[in-house]
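Proteins get letters first, then strands, A, B, ... in listed order; numbering begins at 1 in each.
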Number of protein chains: 2
Amino acid sequence: MSGNKEQQIIEAAIRVFARKGLEKGRIADIAVDAGIGKGTVYEYFRSKEEIFTAIESSVMQEMMNQLAGLVGSDLSPRNKLEALLEQGMDAMIGMGDAILIMTELWAQAARGLWHDSGDTFLEEVYEEFRVIVKEILRAGVEAGQFREMSYEGVATLLLAFMDGLAWQYMLIRDHEKFENVKKEAIRSFMRGINK
Amino acid sequence: MSGNKEQQIIEAAIRVFARKGLEKGRIADIAVDAGIGKGTVYEYFRSKEEIFTAIESSVMQEMMNQLAGLVGSDLSPRNKLEALLEQGMDAMIGMGDAILIMTELWAQAARGLWHDSGDTFLEEVYEEFRVIVKEILRAGVEAGQFREMSYEGVATLLLAFMDGLAWQYMLIRDHEKFENVKKEAIRSFMRGINK
DNA sequence: AAATTATGACTGACCAGTCGGTCATACAAG
DNA sequence: CTTGTATGACCGACTGGTCAGTCATAATTT
């Protein structure tokens, strides 16, 4: 039961923060959820802030890994993009209730926009994602599969698309109903850019 | 300077919550921003919670009013939908920094999903919106302007679309750059459902 | 001068982070 | 083998600071 305690704490923290929010989620709650003492949490993390940062990294890392697998594949641009959408949404569904942590990530990033002049971690990830998508789009246009477009515009649109769907999925929380949305979403998006 | 004090407080609260977040934004901050004493805030609102609820109503009310104007118009379904997208995004841009409050609304709603079995306020608004959009879509299909589709699926997609774009706009915060995205977004979405 | 409205000092609840202490385990000496 | 000793993971009571909400008083209006 006691494997990597750091991971154990992160997973507990995701559950707690998803349920209560970043501010209301107490360190004591995380400790209880992880089945350890409060003091022990501080053996592994310096502060609450640091736990949240670790969650951010963990969630984003996973997304990026999945993305990397796709990019390396030898699918056609159209199939690559479809797979991207499909897998992205399946990943959301796979997160279960932990997906509610996404709103905390977003809210946190939004607050950051006021303070730091510079990049949030989340912004960096988005930029990375956008670069990859633009590349697929360009390849698709060159292959004659996609219409002419503003790559930057459509890449941003795709991000909006996926975040928005994540949000809708949180609200719906009904796999079956969401399957319907997912199907239409992919169909509409692809029709929107296909030649 | 002292018109409707309730509205004055709400506006101050939007600024404060957008900048600091719902938890970190102190009542004292709101009072200072509104140019009144802390105690006075409690003359108009019973609690912090109540202020937030008022913000929710205020923001959503405005959205709904705008929507109602469109529905009543005698535009064709296609033009109605395009106007909906266009106006929706212009409304976002018009919110300025106050748009950052949206993430707080979302995060709050997400937390609510754990506790209440029933509907969040936000969920109700979404449902209302979906009903209106479905009606436009149905009219469009009947008029031969739109392809056959799952109304529920596409309506949800449209919501995802707009929320996602709101989020991207928050991150970009560059009107010019966003104009580009906006144009592609509308083009792609309409292509996705046009016959 | 009574009523209404505004104020900010005050209070009590709450919680992140600290720290002195416990205890299971490992290793060494007898 | 078993007694003694060292280690550091683990713990939760405690502290210091923060902040929502209260209330006695002050200012303003009627």
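- If you check the side chains of B/Asp163 and B/Tyr126, you find a donor sitting under 3.5 Å from an acceptor.
- Residues that satisfy the side-chain hydrogen bond (donor to acceptor under 3.5 Å, both in side chains) test with B/Thr156, not counting sequence neighbours, are B/Arg130.
- Identified under the ring pair (Phe, Tyr, Trp, His ring centres under 6.0 Å) test for residues 10-31 of chain A, with sequence neighbours left out: none.
- Minimum heavy-atom separation, B/Leu100 to B/Thr103: O-OG1, 2.9 Å.
- Side-chain atoms of B/Asp33 do not come within 3.5 Å of backbone N or O of B/Ile30 as any donor-acceptor pair.
- Using a 3.5 Å distance cut-off with no hydrogens or angles, the side chains of B/Ser188 and A/Arg147 do pair a donor with an acceptor.
- A heavy atom closer than 4.0 Å to some atom of DNA chain D occurs in B/Lys38, B/Tyr42, B/Ser47, B/Lys48, these being the qualifying members of residues 35-55 of chain B.
- Sorted by first and then second residue, the pairs that involve residues 176-195 of chain B and meet ring pair (Phe, Tyr, Trp, His ring centres under 6.0 Å), not counting sequence neighbours, are B/Phe161-B/Phe189, B/Tyr169-B/Phe178.
- Under the 4.5 Å side-chain contact rule for hydrophobic residues, A/Leu137 and A/Val71 share a cluster.
- The 12-atom threshold is not exceeded at CD of A/Glu62, counting heavy atoms of other residues, nucleotides or ligands nearer than 6.0 Å.
- Only A/Gly25, A/Arg26, A/Ile27, listed by number, bring a heavy atom of residues 23-30 of chain A to less than 4.0 angstrom from any atom of DNA chain C.
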Q: Let me have a per-nucleotide readout for nucleotides 25-30 of chain D, 5' to 3', with B, S or -, counting only protein heavy atoms under 4.0 Å.
A: ------
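- Minimum heavy-atom separation, A/Leu105 to A/Met60: CD1-CE, 4.0 Å.
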